[in-house]
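First up is the structure itself, then whatever we jot down about it.
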Number of protein chains: 2
Amino acid sequence: MATGRQRPLDLKEACVRAAREVIAERGIEALSMRDVARKLGISHQAPYRHFEGRDHLLAEIMRRCFADFAEHLDRRMSFDDPTGGREDMGSAYLAYAERKPLEYRLMFGTPWPEPAQHPELVKYAVHAFDILRNSQRAKYGDRPAQYARADLDALFIWSALHGLASIMQANVMQHLVLAPEVIPRLKADLMGKIDAALAAAPQAAKKPRQSGRKPATR
Amino acid sequence: MATGRQRPLDLKEACVRAAREVIAERGIEALSMRDVARKLGISHQAPYRHFEGRDHLLAEIMRRCFADFAEHLDRRMSFDDPTGGREDMGSAYLAYAERKPLEYRLMFGTPWPEPAQHPELVKYAVHAFDILRNSQRAKYGDRPAQYARADLDALFIWSALHGLASIMQANVMQHLVLAPEVIPRLKADLMGKIDAALAAAPQAAKKPRQSGRKPATR
DNA sequence: GATAGATGTTGACGCTGTCAACAGGAGGTC
DNA sequence: GACCTCCTGTTGACAGCGTCAACATCTATC
């Protein structure tokens, strides 16, 4: 059942894999260093040779999640997608949150370990946001004078998407007694509203000329 | 420094207060039953006479937060506010998240204990959402045929507000290098976009006639 | 006054993260 | 070859945690 019982060559890599398995099985909160060690059949102290502590192991996993998430968004949005099926950023974002709820919760729903101690984690997280931001900058022609507007748009899109993603994973959602056709329409409705909000000129600003969208600059 | 050292008359109440102090001082994750007991100068088992376990103590605190939150929204939105300063729901929501970040994180950013075991918690959480939902139902005249649309609108508003609130509390926010005027404009911009999205007819639906908004039905 | 229930205390268990000391193997240097 | 050092992994300890079980005490009721 486990990934493999023979003594792993690269213990650090094996720790990350085992930790992700524990998280998948019993949740993020239940992850313990001793669990990881047990799962690998090594002593309870061995993982500490590769990670300073539980936080550092968790930070490494989060970093990989952000890298995976960014790659997912990049792949789904780029015009040169070999599959040809270019997807809207919003769909791609929500699809990821839906297909990998644990990873999503780990990135956005778990208190971070001290960021100053984990610069790599910050770097990859910012990079994921930059995919969204750059797509908005491209829309306005990537002129620095429009950076504030692009940032505001990007943060709005992120807010709506992240809000929906985290709400749909929240426990309270199952108890709201929503009208029956609401759930299936939820994602499309939200993305329609995002588009409507962005189409409306923000404040005394002309509607940005925008015929065909440009690809994200990455 | 502590709330009071004399033996409290109502230990259950004192436990809740002490727990909130611990959370305020060292964070939600650091809360332990033994901390609460120590803080009150009682034995480590005494709190268990009033709460089945850590989860139940946490659930009680969360329940109170939801009650407090709902009351905050009600007060800020009702026309009969004695202060006369009626506030928009969005502002009220974001103001709460900003002024009580710990409570907000506790409600929306912390994994819930098994909901089936804490029906009161669920009830109060749903009630908070109903304030938002009812305000949308009122906008459409509270006709059941429009309940789905009201639900969709309410979930959109909640998504955007919750998304922004949780993003602004997230660690990554400080590392995004935003244009300088973005942060101060963030809240107003988002609420403007919410309004714009709701004003735009969703799909083949006339713009709802809506001159003066009705108060929330509660 | 006896009795039963509620409330608080004490002590133990296994779990956790983490520190310190130790063991062995790889590789370099004399 | 002998020696030394670093890297990796092991063993054993410690305090803190949640929780169970047994005991003490206080209070109210018959």
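Below, all heavy atoms of this structure are taken into account, side chains as well, without hydrogens, waters or symmetry copies. Sequence lines set the chain letters: A, B, ... in the order given, protein chains first and strands last, and positions in each chain run from 1.
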Whole-Å gap separating C1' (C/dG8) and CG (B/D10): 15 Å
Those residues that, when tested against B/D68, pass side chain to side chain donor-acceptor pair (under 3.5 Å) (two or more places apart): B/Y96, B/K100
Parallel, tilted or perpendicular: rings of B/F156 and A/F156 (30°, 60°): perpendicular
Distance in angstrom units between A/L31 CG and C/dC15 C1', rounded: 14 Å
Aromatic ring pairing A/F108/A/F66, orientation class (parallel under 30°, perpendicular over 60°, tilted between): perpendicular
Whole-Å distance separating the CZ atom of B/R38 from the P atom of C/dT9: 14 Å
Interatomic distance, A/L11 CG vs D/dT8 C1' [rounded to whole Å]: 9 Å
A/M33 CE - C/dC15 C1' separation (whole Å): 16 Å
Salt-bridge contact B/E25-B/R20 (side-chain N to carboxylate O under 4.0 Å): no
Separation of C/dA20 C1' from A/Y48 OH (nearest whole Å): 14 Å
Distances under 3.5 Å between protein N/O atoms and the N/O atoms of nucleotides 10-12 of chain C, please, pair by pair.
| from | atom 1 | to | atom 2 | distance (Å) |
| --- | --- | --- | --- | --- |
| C/dG11 | O6 | B/H44 | NE2 | 3.1 |

Side chain to side chain donor-acceptor pair (under 3.5 Å) involving B/R26 - partner list, sequence neighbours excluded: B/D35
Stretch residues 49-60 of chain B: residues that reach within less than 4.0 Å of DNA chain C through a heavy atom: B/R49, B/H50
Validation row: A/S135, A/I157 side chains within 4.5 angstrom (heavy atoms): no
Non-neighbouring partners of B/E71 that pass side chain to side chain donor-acceptor pair (under 3.5 Å), sequence neighbours left out: B/R75
Summary of ring-ring contact (aromatic ring centres under 6.0 Å, His included) pairs that have at least one residue in residues 25-61 of chain B, sequence neighbours excluded: B/H56-B/H118
